[in-house]
A.B. asks: 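I have a structure I would like to understand better, so I am pasting it below and will then ask my questions one at a time.
When reading the values below, keep in mind they use all heavy atoms of this one structure, side chains included, and skip hydrogens, waters and symmetry mates. When a ligand or atom number is given, it counts from 1 through the structure's own listing order.
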Amino acid sequence: MRPLPADRGTCPFDPPAGMADEPLSRVRLANGDDVWLVARHDLVRQVLGDTRFSSEIDGGFRDVPLHAVRPEPGMFIQMDPPEHTRLRRLLAGRFTVQRMHRLRPRIEQIVAERLDALERAPRPADLVAEFALPIPSLVICELLGVPYAERAEFQRAGAHLMSLTGSLEELEQSLMSLGGYLTELIARKRAEPGDGLLDDLLDSGLSDEELIGIAVLLLIAGHETTGNMLALGTLLLLQHPAQLALVRQSPETAKTAVDELLRYLSIVDVGMYRRASTDLELDGQVIREDEFVTCSLAAANRDPALLERPDELDVTRPKAPHVAFGFGPHQCIGQNLARLEMEIAYPALFRRLPGLRLAVPLEKVPFKNDMAIYGVHRLEVEW
Ligand code: HEM
């Protein structure tokens, strides 16, 4: 049996070699478990749109950190309807395009402040530490009502949750510590409510455990992913100067560029798993109850049936129905926020620092091949 493709040796921006070789195949994970790999756009949508492919993994699946630990109550990314629907409904209205639009001035201000900090930093500067990670962290902290000064707790847990090489003990430890921190934060809020999303949820009938689970999910999902997109997207555009110039020049193109970058980079790729809750048929193949399925979002987003010239980066192309934010009932609840942050941050960066360039050869950039969600650990830049 072939291993789950993971080698991005030839091009760090392309899906791992061999990912799209077969639309549906059995592959072996690093520690010996066999799973189904789905790698065609229509099939990926079929799996993600069908809740019989359950998101309830319930811990014990050692290959993916998120699925190795028991989910906390409230972590609805790992729940099926009706529980999933109940919790998602409480939040969905908070992340609409209109709601996010109101955040624009504040996000623009945060981006400008991070650019000031970047300009003051010694050179070469690390774009991840100075710009890509702080922006979504600051935004999600403000939105939830979590003091940014206390971010170390959730940034550490986030890094452990995404790591493919860390130990389970480390992960459990940092999640426990984050849970402890949030218990204390919720108690503080009950005594003196503020104006964040978590404060608004205090009286929504959720238990404290559920509230903590929701906070863990939003804090981690809300900063790590967007941070990776900001850094990796910048790096990709630096390799394509003509495309970068278009993003810098036109606000309209900066907008279309965001979805093209999301599609092209597909940073979540095979990060999420499903479990067949019963015997199911997919593309004429029987998937047995309790077998695990993973979808390659990267292969789906480069499927020639989805769009023409799928391997070409073209920031001017109309938005394709890509699956970089997933599909179906679990499709990313924070996508409007993520899009807005990117739409503001990329052009602001390229306008403020027109001479922005990589300070090390591309081969020296530490890509996150050791993490469940792709990106770069550091990005040394000059200007
Ligand atoms: C570029 C940035 C982002 C990417 C690529 C991304 C990607 C994804 C994907 C692929 C899923 C589907 C998971 C599944 O089907 O199991 C998802 C779900 C989710 N995302 Fe995002 N995400 C991003 C940003 C955000 C932000 C900023 C937030 C927070 C506001 C967020 C919160 C969530 C939540 C809560 C879920 C679970 C939804 C559910 O289960 O119903 N994400 N995301």
Side-chain angles (χ1 to χ4, degrees), residues 38 44-45 47-51 53-57 64 66-67 71-72 74-92 94-96 99-100 103 107 132-133 135-144 146 154 158 161-162 196-198 213-233 258-275 292-298 300-301 322-343 345-346 372-375:
V38 185
V44 165
R45 288 182 25 144
V47 169
L48 298 181
D50 182 345
T51 51
F53 289 101
S54 168
S55 291
E56 286 181 4
I57 308 274
V64 180
L66 179 65
H67 299 318
E72 318 215 9
M75 292 266 284
F76 58 92
I77 196 167
Q78 288 168 287
M79 291 178 188
D80 293 337
E83 275 299 273
H84 169 261
T85 322
R86 176 178 70 88
L87 294 174
R88 185 164 166 131
R89 263 202 201 127
L90 278 178
L91 293 175
R94 307 293 303 234
F95 290 96
T96 58
R99 280 276 191 144
M100 293 304 108
L103 294 179
I107 298 178
L133 200 57
I135 291 171
S137 289
L138 277 156
V139 172
I140 199 70
C141 277
E142 283 200 13
L143 197 68
L144 295 189
V146 172
F154 69 82
L161 208 51
M162 305 301 165
L197 173 64
L198 293 181
I214 287 178
V216 170
L217 176 58
L218 289 176
L219 279 172
I220 293 178
H223 85 280
E224 179 85 26
T225 41
T226 315
N228 283 330
M229 268 311 296
L230 286 178
L232 194 62
V258 165
D259 273 288
E260 174 67 349
L261 291 169
L262 283 159
R263 175 195 77 80
Y264 196 86
L265 294 168
S266 301
I267 57 166
V268 176
D269 196 18
V270 289
M272 312 305 304
Y273 279 73
R274 297 291 192 266
R275 180 183 52 79
F292 289 104
V293 180
T294 188
C295 293
S296 172
L297 304 183
N301 284 339
H322 66 73
V323 287
F325 286 122
F327 180 75
H330 287 276
Q331 196 184 53
C332 182
I333 205 170
Q335 58 183 287
N336 298 325
L337 177 58
R339 280 200 183 91
L340 185 62
E341 291 179 55
M342 289 186 271
E343 208 179 295
Y346 291 127
I373 295 184
Y374 196 52

A.B. asks: Report, in ascending order of atom number, the atoms of ligand 1 lying under 4.0 Å from any heavy atom of M229.
C.D. replies: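 Those atoms are 1 (C).
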
A.B. asks: Enumerate the atoms of ligand 1 whose separation from the nearest heavy atom of L217 is less than 4.0 angstrom.
C.D. replies: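 Those qualifying, in numeric order: 35 (C).
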
A.B. asks: To which of Q335, H84, M75 does the heavy atom nearest atom 41 (O) of ligand 1 belong?
C.D. replies: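 The nearest heavy atom belongs to H84.
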
A.B. asks: Which of the numbered atoms in ligand 1 are under 4.0 angstrom from any heavy atom belonging to T226?
C.D. replies: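 Near T226, meaning under 4.0 Å from one of its heavy atoms, ligand 1 has 2 (C), 24 (C), 27 (C).
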
A.B. asks: Checking a contact table here: which protein heavy atom is nearest atom 11 (C) of ligand 1, and how many Å away?
C.D. replies: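 The answer is F325 O, 3.7 Å.
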
A.B. asks: Which ligand 1 atoms does L262 reach within 4.0 Å, using its non-hydrogen atoms?
C.D. replies: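 So the answer, numbered in order with elements, is 1 (C).
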
A.B. asks: Just to confirm my output: which protein heavy-atom neighbour is closest to atom 40 (O) of ligand 1, and how far is it?
C.D. replies: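 Going by distance alone, atom 40 (O) of ligand 1 is nearest to H330 ND1, 2.5 Å.
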
A.B. asks: If you compare all heavy atoms of Y346 against all heavy atoms of G233, which two are closest, and at what distance to 0.1 Å?
C.D. replies: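 For Y346 and G233, the tightest heavy-atom pair comes out as OH-CA, 3.7 Å.
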
A.B. asks: State the atoms of ligand 1, each with its element, that fall below the 4.0 Å cut-off from a heavy-atom position in R88.
C.D. replies: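 Answer for ligand 1: 38 (C), 39 (C), 41 (O).
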
A.B. asks: Of G233, G227, C332, which has the heavy atom at the shortest distance from atom 17 (C) of ligand 1?
C.D. replies: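 Considering heavy atoms of G233, G227, C332, the nearest to atom 17 (C) of ligand 1 sits in C332.
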
A.B. asks: In the protein, what heavy atom is nearest to atom 36 (C) of ligand 1, and what distance, to one decimal place, separates them?
C.D. replies: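 Sorting protein heavy atoms by distance from atom 36 (C) of ligand 1 puts I77 CD1, 4.0 Å first.
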
A.B. asks: Side chain, backbone, both or neither: which applies to F76 and ligand 1 if a contact is any heavy-atom pair less than 4.0 Å apart?
C.D. replies: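 Contact part for F76 vs ligand 1: both backbone and side chain.
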
A.B. asks: Under a 4.0 Å heavy-atom limit, does V268 contact ligand 1 with its side chain, its backbone, both, or neither?
C.D. replies: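 Side chain only.
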
A.B. asks: Is N228 touching ligand 1 with its side chain, its backbone, both, or neither, if touching means heavy atoms under 4.0 Å apart?
C.D. replies: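 None of N228 does.
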
A.B. asks: Could you walk me through whether V146 and L219 pass the side chain to side chain contact (heavy atoms under 4.5 Å, CB included) test, one step at a time?
C.D. replies: CA-CA 9 Å; V146 172; L219 279 172; 4.2 Å; yes

A.B. asks: For atom 13 (C) of ligand 1, what's the nearest protein heavy atom and its distance?
C.D. replies: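 Of the protein heavy atoms, M272 CG, 3.8 Å lies nearest.
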
A.B. asks: Minimum heavy-atom separation for R263 to S266, with atom names?
C.D. replies: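 Result for this residue pair: O-OG, 2.7 Å.
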
A.B. asks: Do you know the tightest heavy-atom contact between L230 and P136?
C.D. replies: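 Nearest pair, atom of L230 first, then P136: CD1-CD, 4.1 Å.
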
A.B. asks: Run the side chain to side chain contact (heavy atoms under 4.5 Å, CB included) check on M162 and I220 step by step: do they pass?
C.D. replies: CA-CA 10 Å; M162 305 301 165; I220 293 178; 3.7 Å; yes

A.B. asks: May I have the step-by-step check of side chain to side chain contact (heavy atoms under 4.5 Å, CB included) for R274 and S55, ending in yes or no?
C.D. replies: CA-CA 5 Å; R274 297 291 192 266; S55 291; 3.4 Å; yes

A.B. asks: Taking only non-hydrogen atoms of P329, do any sit less than 4.0 angstrom from ligand 1?
C.D. replies: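 Judged by the 4.0 Å heavy-atom criterion, P329 does count as contacting ligand 1.
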
A.B. asks: Taking the six-membered ring where the residue is Trp, are the ring centres of F76 and H330 under 6.0 Å apart?
C.D. replies: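 Judged by ring-centre distance (under 6.0 Å), F76 and H330 do not meet the cut-off.
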
A.B. asks: So is F95 touching ligand 1 or not, going by heavy atoms under 4.0 Å?
C.D. replies: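 A heavy atom of F95 does come that close to ligand 1.
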
A.B. asks: Apply ring pair (Phe, Tyr, Trp, His ring centres under 6.0 Å) to the pair H223 and F154, showing each step before the final yes or no.
C.D. replies: CA-CA 9 Å; H223 85 280; F154 69 82; 5.1 Å; yes

A.B. asks: How close do D269 and S296 get, counting heavy atoms only, and between which atoms?
C.D. replies: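 Looking at all heavy atoms of both residues, the closest pair is OD1-OG, 2.8 Å.
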
A.B. asks: Run the numbers for me: atoms of ligand 1, each under 4.0 Å from some heavy atom of A324, listed by number.
C.D. replies: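 Per the distance check, 5 (C), 7 (C), 10 (C).
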
A.B. asks: Which atoms of ligand 1 are found less than 4.0 Å from any heavy atom of I140?
C.D. replies: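 In order of number, 30 (C).
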
A.B. asks: Looking only at protein heavy atoms, which one is nearest to atom 35 (C) of ligand 1, and what is the separation?
C.D. replies: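 The closest heavy atom on the protein side is I333 CG2, 3.5 Å.
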
A.B. asks: For residues R88 and I333, report the shortest heavy-atom separation together with the two atoms involved.
C.D. replies: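 Scanning both residues completely, I find the closest heavy atoms to be CG-CD1, 3.9 Å.
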
A.B. asks: When you compare the side chain of Y374 with that of L265, does any pair of heavy atoms fall below 4.5 Å?
C.D. replies: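 They are not in contact (no side-chain heavy atoms under 4.5 Å apart), so the answer is no.
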
A.B. asks: Under 4.0 Å, heavy-atom basis, I'd like to know which part of R274 is in contact with ligand 1: side chain, backbone, both or neither.
C.D. replies: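 The answer is the side chain of R274.
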
A.B. asks: Within this structure, what is the CE-CE distance for the pair M79 and M75, rounded to the nearest 0.5 Å?
C.D. replies: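 Answer rounded to 0.5 Å: 8.5 Å.
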
A.B. asks: Please report which non-hydrogen protein atom sits nearest to atom 24 (C) of ligand 1, along with the residue it belongs to and the distance in Å to one decimal place.
C.D. replies: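 Residue, atom and distance for the closest contact: T225 OG1, 3.3 Å.
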
A.B. asks: From atom 26 (C) of ligand 1, work out which of P136, A221, A338 has a heavy atom at the shortest distance.
C.D. replies: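 Looking at heavy atoms only, A221 sits closest to atom 26 (C) of ligand 1.
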
A.B. asks: Among I267, L262, V44, find the residue that satisfies the side chain to side chain contact (heavy atoms under 4.5 Å, CB included) test when tested with L297.
C.D. replies: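 Result: among I267, L262, V44, V44 is the only option passing the side chain to side chain contact (heavy atoms under 4.5 Å, CB included) with L297.
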
A.B. asks: Could you tell me which non-hydrogen atom of M100 sits nearest to which non-hydrogen atom of F95, and how far apart they are?
C.D. replies: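 Shortest heavy-atom separation between M100 and F95 comes out as CE-CA, 3.6 Å.
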
A.B. asks: Look at atom 28 (C) of ligand 1 and find which of A92, C295, G222, S55 reaches it with the closest heavy atom.
C.D. replies: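 Residue with the shortest heavy-atom distance to the ligand atom: G222.
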
